[in-house]
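When reading the values below, keep in mind they use all heavy atoms of this one structure, side chains included, and skip hydrogens, waters and symmetry mates. What you are looking at is a predicted structure, and each value in this text was computed from that prediction instead of being measured.
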Amino acid sequence: MDNLWVGSDTDLSILHQCRMADRLEYRLECLRRNCRGGSGGAGGGGSSSTSAEDCNDEEESSSRRRRTRSLNAPSPFQQFGPCGRIMKNSAMVMTIQDPASQRLTWYKPPLTVLVIKKVRDASVLSPFVQLVKWLMQEKRMVVFVEAAVMEETHLDQYPEFSSIKDKLMTFRDGKDDLTDKIDFIICLGGDGTLLYASHLFQQSVPPVMAFHLGSLGFLTPFQFNNFQEQVNNVLEGNAALTLRSRLRCIVMKNKETQNSANKKAPTNLLVLNEVVVDRGPSPYLSNIDLFLDGKHITSVQGDGLIVSTPTGSTAYAVAAGASMIHPSVPAIMVTPICPHSLSFRPIVVPAGVELKISVSPDSRNTSWVSFDGRNRQELLHGDSLRVTTSIYPVPSICAQDQITDWFDSLAECLHWNVRKRQKHLEELTDLTHSSSNDTLDSLETPEEKES
């Protein structure tokens, strides 16, 4: 049939038939894919005489269901006019799970739990003791805590803690490897506890349940007053998940300036919020070259540059003038810090790109880089920072769902779009009885005129 398309003297009717046949074949292929991708639950032969009571029960159960509409964009139609279409490439086919359907499930009961508490905060000690005691005695779980927690002298004020103190498992950051040892993480404190959990697990991260016991709490949606019920729901698998993407950051040192004695392995870290490149203690402007997939995009002249995840868009980036991005959006945000340009606005790039940041050859100074506020180090001339989206997200457990939790945090923590409401016209009695020709003098009361 393809041969009929060749030649200028092809009969128009045959050409039309070929086009119709080709379009029909394409539609049949789409139907086959939809059938293969369907849930297979198209039941048949149900009774048509459904009672009104059954209908009401079904409506009530459907109203209690979680969000069913996809958070992904609709798949675009891939045929353009009678002839054009997207070329099929098996290497480019991928399946993106709908974020609204991401729910936690345990293929075996969790046995070990890591409890991360806010340090140097006496208000967290009582909830910490209650939670740890309940997990060990009621849920029979093995509880891990940081060794520094055991050294807090204020814990001695709680007699119930002395009975469980010796049964706790401890670890030290940077010395003990927690990989494959933790099934579940509970954070008590503010957003810093979730960032610390991300720092501890540089590959796969166990599910994280964060309780709001800190100052801001944008990433901690759970309240502690009924923690038993909430933890039980999570352990039973009744929870939605937000997969918070992380950035893999690799610092490549210049081989020429790095001598053999001081040669170190390149820095390779995962960050949950952002990686920041700034001018450090230097009084000069930063002069940073930014590359995207090997192509030079721009040079940043200012105080620095923020490369953030959607989760980090509500942190340092929003303070520097960036937009706020929902954590389920696959993207990387690039935000300049005080750029010496009126037209340098923050940009959002696809999550699959690789960013390269380096000090410009003609820069007057070096730059400094930090990763979620940690591991601060100097970027010399010839060094480079490469940033990509990691395959290891942080599975953050939702108190309600992905949409509600985020907008509740915007309203409660950042007071997003809080404004005194404009009065209705009926409330403005003085203005409703006046005309456009009235002057300020005519609107004055007799008492005001006498005075």
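When side chains are defined from C-beta on, Q377 counts as touching K253, because their heavy atoms get closer than 4.5 Å. Side-chain contact between L292 and K295: absent, with no pair of heavy atoms (C-beta onward) separated by less than 4.5 Å. Here the side chains of V276 and F371 are not in contact, with every heavy-atom distance at 4.5 Å or above. Residues V234 and L104 have side chains in contact (heavy-atom distance under 4.5 Å, counting atoms from C-beta outward). Residues K356 and M252 have side chains not in contact (no heavy-atom distance under 4.5 Å, counting atoms from C-beta outward).
What you find for N226 and Q230 is that their closest heavy atoms are OD1-NE2, 2.8 Å. Residues S245 and P310 come closest through the heavy atom pair OG-CD, 3.6 Å. Residue P110 comes nearest to L235 through the heavy atom pair CG-CD2, 3.7 Å, listed as atom of the first residue, atom of the second, then distance. Closest of all the heavy-atom pairs between G304 and V300 is O-CG1, 3.7 Å. Here the closest non-hydrogen pair linking P221 and D405 is CB-OD2, 3.8 Å. Contact between S363 and H381 at its shortest, heavy atoms only, is O-NE2, 3.2 Å.
Within a 6.0 Å sphere centred on CG of D180, other residues, nucleotides and ligands contribute 12 heavy atoms or fewer. The number of heavy atoms from other shown groups lying within 6.0 Å of NE2 (H154) does not exceed 12.
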Test log, rule side chain to side chain contact (heavy atoms under 4.5 Å, CB included), inputs L125 and Y158: CA-CA 9 Å; L125 294 179; Y158 299 90; 3.8 Å; yes
Residues L285, R279; criterion side chain to side chain contact (heavy atoms under 4.5 Å, CB included); working and verdict: CA-CA 7 Å; L285 287 174; R279 60 190 175 97; 5.8 Å; no
CA sep, side-chain torsions, deciding dist, call: L272, L194, side chain to side chain contact (heavy atoms under 4.5 Å, CB included): CA-CA 9 Å; L272 177 60; L194 192 66; 4.3 Å; yes
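Electrostatic pairing of K255 and D383 does not count as a salt bridge here, judged by no charged N lying under 4.0 Å from a carboxylate O. E354 has no carboxylate O lying under 4.0 Å from a charged side-chain N of R248, or vice versa, which leaves the two without a salt bridge.
The distance from atom OG of S286 to atom CG of L379, rounded to the nearest 0.5 Å, is 10.0 Å.
Note on ring orientation: taking the six-membered ring where Trp is involved, the planes of F161 and F128 are tilted (angle from 30° to 60°). Between F227 and W134, the angle of the ring planes goes over 60°, which puts this pair in the perpendicular group of the 30/60° scheme. Between F407 and W416, the ring-plane angle classifies as tilted under the 30° and 60° cut-offs.
For the side-chain contact (heavy atoms from CB on, under 4.5 Å) criterion with F201, the lone passing option out of I185, T179, V394 is I185.
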